[in-house]
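Counting begins at 1 with the first residue of the sequence. For clarity, every value in this text was computed on a predicted model and none was experimentally measured.
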Amino acid sequence: MRLVLSSLVAAVGLFYGLAHAAPKPLADIRDSGFVYCVNGQVSTFNPQKAGSGLIVDTLADQLYDRLLDVDPYTYRLVPELAERWEVLDNGATYRFHLREGVAFQTTDWFKPTRTLNADDVVFTFQRIFNRNHPWHNVNGSAFPYFDSLQFADTVESVRKLDNRTVEFRLTRPDASFLWHLATHYASVMSAEYAADLTKADHQELLDRQPVGTGPYQLNEYRAGQYIRLQRHPHFWRGEPLMPQVVVDLGSGGTGRLSRLLTGECDVLAWPAASQLSILRDDPRLRLTLRPGMNIAYLAFNTNKAPLNNPAVRHALALAINNERLMQSIYYGTAETAASILPRASWAYDSDAKITEYNPEKARQQLKALGLENLSLQLWVPTSSQAWNPSPLKMAELIQADMEHIGVKVNIVPVEGRFQEARLMDMSHDLTLAGWATDSNDPDSFFRPLLSCAAINSQTNYAHWCNREFDTVLLKALSSQQLASRIDAYNEAQNILATQLPVLPLASSLRLQAYRYDMKGLVLSPFGNASFAGVSREKEEGQKP
């Protein structure tokens, strides 16, 4: 295999959406695939480099595989690229035995000469965890999810024992380690592809032009318009049923619904809860609802006065009419959150109390604190998410609630990577945020969102650092006993209830609407599942 420079030039153009001749995205799609409509942006095709978003929630499961997966029905760890594994040294050493014959994708920019082996796994994780690795700083040194877990300090070594065996040694036992390797942030890359990019001095393309072992490979990308995926004919689980999938990025809100109704979209991701009655009543459509491993929350900037005072945060929380948020935003598709953990988590504290709604008490507490004329900025993402279908509308409701207690809230809409950059410069007061994970381990919520390390990894929007809280989280990881971990996580939730760096708002159902003839769509609590088994039912008299 040799990487041709002309292909590289074309690849750069492909990522940035530069002009070149291309077919329309909807041409003959009903004969050979389907259109998946979603409102989102792509800043990288490597989920390791993303904090959240479309690449993690939808694309990663199509382009890549991981060592392990989580069964969407039983919530248990299951084999993927690793057909079996061993836990040694009380959770400080993990050994994985790889599946044979797993083929990488053949694309215009890469022709593999071998199947997956231990070199690929070692390359993937050494790049993430080893700060001295030659690939660690390519396209920036940030790996937000793993940075928030401080894995660069936790993983002592990743080594190849033989072509089919990889061993991870940790500096201390970590009972959550396997679950983190089952997230889409742990997608396995090709070491051979990386080596060829190094020879061509185009290392930056690894994260822009994906090569994985997943059921679909990137065929075409138009920024802000669509992504065309082509099936991977040598996919190790068997050839995907549909030759292609078009991920349509070009419409939002009611526009996406109308396109589903007219048949321009076959699948609508994250339909607005307000549209449910239309979706349910139309015989041409189907609707899937599943409990979601997600949380929507309001983050207080705890590094900025007066929000650095927990008493102020508690007073503001009393002003928010959460019941109205449930009715106006979710229409019965979510429950009011009492904890940063969703109820589906095995560590959810059933004794946790939802913050009461008491605007008069809030007004009195702010007056006692000398904050009768408070003015705050609320930063809000503009696009719908799995945890919040209408962020701007929610912001307006919170703005009205705050006005009732004499607090002026200015709404600042932000989007995409711009949102992350602005939130991390610490100039905001409040932000509406959320989190969804493809792991059933509580650590996937606590450390990425609220640990001290997560401030630098840009996933802790509250900028809250509490050493006692971090110590409790590490205690929860040190034992393989579930009862001990539950006790530690209850302690962590009690600290959060007292300090209130974030106010949990809602844990929502995952929704997906689709045309009646679409079969095999699996909606997971952890994110979108593979499209490999999706097909279109042929109408009577139509040729197969």
Side-chain angles (χ1 to χ4, degrees), residues 24-26 29-30 32-42 52-62 72 216 222 224-229 241-242 244-292 294 296 329-334 381-393 434 436 508-537:
K24 294 180 180 180
L26 301 183
I29 189 68
R30 292 190 62 81
S32 62
F34 67 96
V35 179
Y36 180 91
C37 289
V38 62
N39 187 16
Q41 297 178 329
V42 176
S52 60
L54 185 63
I55 178 60
V56 177
D57 191 75
T58 300
L59 297 175
D61 220 348
Q62 318 315 324
Y216 286 91
R222 285 289 182 275
Q225 298 179 46
Y226 64 89
I227 299 164
R228 189 192 297 271
L229 303 175
L241 298 180
M242 301 292 262
Q244 64 172 323
V245 178
V246 171
V247 180
D248 189 314
L249 311 172
S251 60
T254 56
R256 289 190 299 142
L257 176 60
S258 64
R259 296 179 70 182
L260 180 69
L261 294 172
T262 60
E264 292 179 80
C265 294
D266 293 299
V267 183
L268 177 58
W270 310 332
S274 59
Q275 300 168 349
L276 286 183
S277 59
I278 299 173
L279 296 171
R280 284 177 172 141
D281 293 343
D282 194 317
R284 300 167 299 172
L285 304 179
R286 302 286 183 267
L287 184 66
T288 302
L289 296 87
R290 289 288 309 272
N294 62 64
I329 303 297
Y330 294 99
Y331 296 85
T333 64
T382 57
S383 51
S384 61
Q385 305 287 347
W387 53 80
N388 190 340
S390 305
L392 283 172
K393 183 179 178 181
S508 65
L509 293 172
R510 290 187 60 87
L511 311 177
Q512 185 169 262
Y514 53 96
R515 301 285 297 179
Y516 69 96
D517 57 348
M518 299 304 299
K519 305 298 178 185
L521 287 163
V522 176
L523 185 62
S524 167
F526 311 111
N528 276 85
S530 166
F531 293 152
V534 177
S535 64
R536 188 189 300 277
E537 187 178 67

Practice prompt. Applying side chain to side chain contact (heavy atoms under 4.5 Å, CB included), run through Leu249 and Arg222 and close with a yes or a no.
Written response: CA-CA 9 Å; Leu249 311 172; Arg222 285 289 182 275; over 6 Å; no
Worksheet item: salt bridge (charged side-chain N to carboxylate O under 4.0 Å, His left out) between Arg515 and Asp517: does it pass, once the steps are laid out?
Response: CA-CA 6 Å; Arg515 301 285 297 179; Asp517 57 348; 5.2 Å; no
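Of the inter-residue distances, the one linking Tyr516 atom OH with Leu285 atom CG reads 10.5 Å to the nearest 0.5 angstrom. Annotation: the span from Met242 atom CE to Leu229 atom CG amounts to 12.5 Å, rounded to 0.5 Å. Considering CG of Leu521 and OG1 of Thr288, their distance stands at 7.0 Å, rounded to 0.5 Å. How far OG of Ser508 is from CG of Asn388: 8.0 Å, rounded to the nearest 0.5 Å. To the nearest 0.5 Å, atoms CE (Met518) and SG (Cys265) are separated by 11.5 Å. In this structure, the separation between CG on Leu511 and CG on Leu523 is 8.0 Å, given to the nearest 0.5 Å.
Closest non-hydrogen pair, Ala296 versus Tyr330, comes out as CB-OH, 3.6 Å. Nearest heavy-atom pair across Val522 and Ala529 is O-CB, 3.5 Å. The heavy-atom pair separating Leu260 from Leu279 by the smallest distance is CD2-CD2, 3.8 Å. Residues Pro391 and Pro381 share a closest heavy-atom pair of CB-O, 3.2 Å. Closest non-hydrogen pair, Gly520 versus Val534, comes out as O-CG2, 3.7 Å. In this structure, Ala532 and Ser530 approach most closely via the heavy-atom pair N-OG, 3.0 Å.
Looking at Leu261 and Arg284, their side chains come closer than 4.5 Å, going by heavy atoms from C-beta outward. Under the 4.5 Å side-chain criterion, counting only non-hydrogen atoms from C-beta, Gln512 is in contact with Val267. The side-chain heavy atoms of Val247 and Gln62, taken from C-beta on, include no pair separated by under 4.5 Å.
Between the Arg536 side chain and the Gly33 main chain, a donor and an acceptor come within less than 3.5 Å of each other. A distance-only check finds a donor-acceptor pair linking the side chain of Asp266 to the backbone of Val35 [under 3.5 Å].
Classification of the Phe531-Tyr216 ring pair by plane angle, with boundaries at 30° and 60°, yields perpendicular.
In summary, the side chains of Ser32 and Gln244 do present a donor paired with an acceptor at a separation below 3.5 Å, with no hydrogens or angles considered.
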